[in-house]
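Only one structure is covered here, and it is reproduced in the block below.
As the structure is a computational prediction, the values presented were derived from the model and not from experiment. Note on naming: letters A, B, ... go to the chains in the order of the sequence lines (proteins, then strands), and numbering restarts at 1 for each one.
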Number of protein chains: 2
Amino acid sequence: MPASKKKLPLAADGRIWISTAEGKLVGKGRIELLEKIKQYGSIRQAAMAMEMSYRQAWQLIDDMNTKAQTPLVISTRGGKGGGNATVTEKGEQYIALFNSFNKKFQQLLAQQTQHFIF
Amino acid sequence: MPASKKKLPLAADGRIWISTAEGKLVGKGRIELLEKIKQYGSIRQAAMAMEMSYRQAWQLIDDMNTKAQTPLVISTRGGKGGGNATVTEKGEQYIALFNSFNKKFQQLLAQQTQHFIF
DNA sequence: TTTCGTTATACCTGTTGAGGTATAACGAAA
DNA sequence: TTTCGTTATACCTCAACAGGTATAACGAAA
């Protein structure tokens, strides 16, 4: 064992999000929710896939749509299937934006954790 | 106004910390607390300077000392002045480690926020 | 052995927010 | 015009947590 003694394993950790003046707009969970809505075309099914209540999913979406100028999710109710939800082009842009940001962040965490052989 | 229309101001945001298997060890607030303890040599005065209760400061210190193998803060009670607290060499190392990590993180946030002219 | 300011710890309480449940609204299709 | 599954929203409850207050422990100095 060279310079480093027997060591307590340390990790660089953190959470990131994109915010407006109103506060948090999208983070990891909300982006995943958008991706599930895109996949299923349904808020309810997206919520089930993430093991969260419909209520919570709806609140997150409502908050996003309120804070962003343009809705990230558009939903309709009634009709065939009872209703549906789709992710807008704006929503897609946020997904891409966050995932790019997050990728760089994860690289930083990994790099810093390396330095923690301490 | 070139490629970007009138825009909603977005910011890359986040929080970071250093964690062990037991969870969070030090973040921004705890590092600041260590710095204040170093400055004042007193848990109570450090807490006052940060406008937190002595109780909360003590709990944070206790948690850090428990999770780290080596105490980050050593305190004595009784005697001249009623007691005192000092930051150990290990504590100083965590301060330096976190501040370095945080500096790179702040750079990432600033850089990403640039890309959010979106 | 009394004083004093700090460290250490127990205890109690209000708040807030996470979460579930219930129900209304809706519109296409049969 | 009835059915159906989903969206939308109101309402209620309970636990966890933040935070304050009170008090014990401590030891150097006077």
What is the separation between atom [atom1] on [X] and atom [atom2] on [N], rounded to the nearest whole Å?
X: A:N84; N: D:dG5; atom1: CG; atom2: C1'; answer: 12 Å
X: A:Y54; N: C:dT23; atom1: OH; atom2: C1'; answer: 13 Å
X: B:N65; N: C:dA8; atom1: CG; atom2: C1'; answer: 13 Å
X: B:D63; N: D:dA18; atom1: CG; atom2: P; answer: 12 Å
X: A:Q56; N: C:dT21; atom1: CD; atom2: P; answer: 14 Å

So do the side chains of [X] and [Y] get within less than 4.5 Å of each other, counting heavy atoms only?
X: A:L97; Y: A:V26; value: no
X: B:E92; Y: B:K38; value: yes
X: A:T113; Y: B:F101; value: no
X: A:E35; Y: A:N99; value: yes
X: B:F98; Y: B:L34; value: no

Give a yes/no on whether any side-chain N or O of [X] is located under 4.0 angstrom from OP1 or OP2 of [N].
X: B:T76; N: D:dC26; result: no
X: A:W58; N: D:dT7; result: no
X: B:S75; N: C:dT7; result: no

- Is there a residue in residues 33-51 of chain A whose heavy atoms reach under 4.0 Å of DNA chain C, and which residues are they? none
- Query: Do any of residues 18-28 of chain A sit with a heavy atom less than 4.0 Å from DNA chain C, and if so which?
  - Reply: none
- Across all chains, not counting sequence neighbours, the salt bridge (Lys or Arg N to Asp or Glu O under 4.0 Å) partners of B:K36 are none
Measure from the side-chain N and O atoms of [X] to the backbone N and O of [Y], and report whether any donor-acceptor pair falls under 3.5 Å.
X: A:S19; Y: A:L25; value: no
X: A:T66; Y: A:D62; value: yes
X: A:N65; Y: A:V73; value: yes
X: A:R44; Y: A:Y54; value: no

- Check whether more than 12 heavy atoms from other residues, nucleotides or ligands sit under 6.0 Å from atom NZ of B:K67, and answer yes or no. yes
- Check the surroundings of atom NZ in A:K24: do more than 12 heavy atoms from other residues, nucleotides or ligands lie under 6.0 Å from it? yes
- Which dot-bracket string fits DNA chain D when only Watson-Crick or G-U wobble pairs with both atom distances under 3.5 Å count, crossing pairs get [ ], and | stands for a partner on a different strand? ||||||||||||||||||||||||||||||
- Query: What class does the angle between the rings of B:F105 and A:F105 fall in, given that below 30° is parallel, 30 to 60° is tilted and above 60° is perpendicular?
  - Reply: tilted
Which atom pairs link the protein and nucleotides 10-14 of chain D when you take only N or O atoms and keep those under 3.5 Å?
{"unit_1": "D:dC11", "atom_1": "N4", "unit_2": "A:R55", "atom_2": "NH1", "d": "2.8"}

- Query: How close do A:S75 and A:I43 get, heavy atom to heavy atom, and via which atoms?
  - Reply: CB-CD1, 4.4 Å
- Side chains of B:D63 and B:Q59, donor plus acceptor under 3.5 Å: no
- Hphob cluster co-occupancy, A:M52 + A:M64, side-chain heavy atoms under 4.5 angstrom: yes
Between the protein and nucleotides 28-30 of chain D, are there any N/O to N/O pairs under 3.5 Å, and if so, what are the atom names and distances?
{"unit_1": "D:dA28", "atom_1": "O4'", "unit_2": "B:K80", "atom_2": "N", "d": "3.3"}

- Note on the structure: 5'-most contact on DNA chain C (nearest-nucleotide basis), A:M52 vs A:R77, goes to A:M52
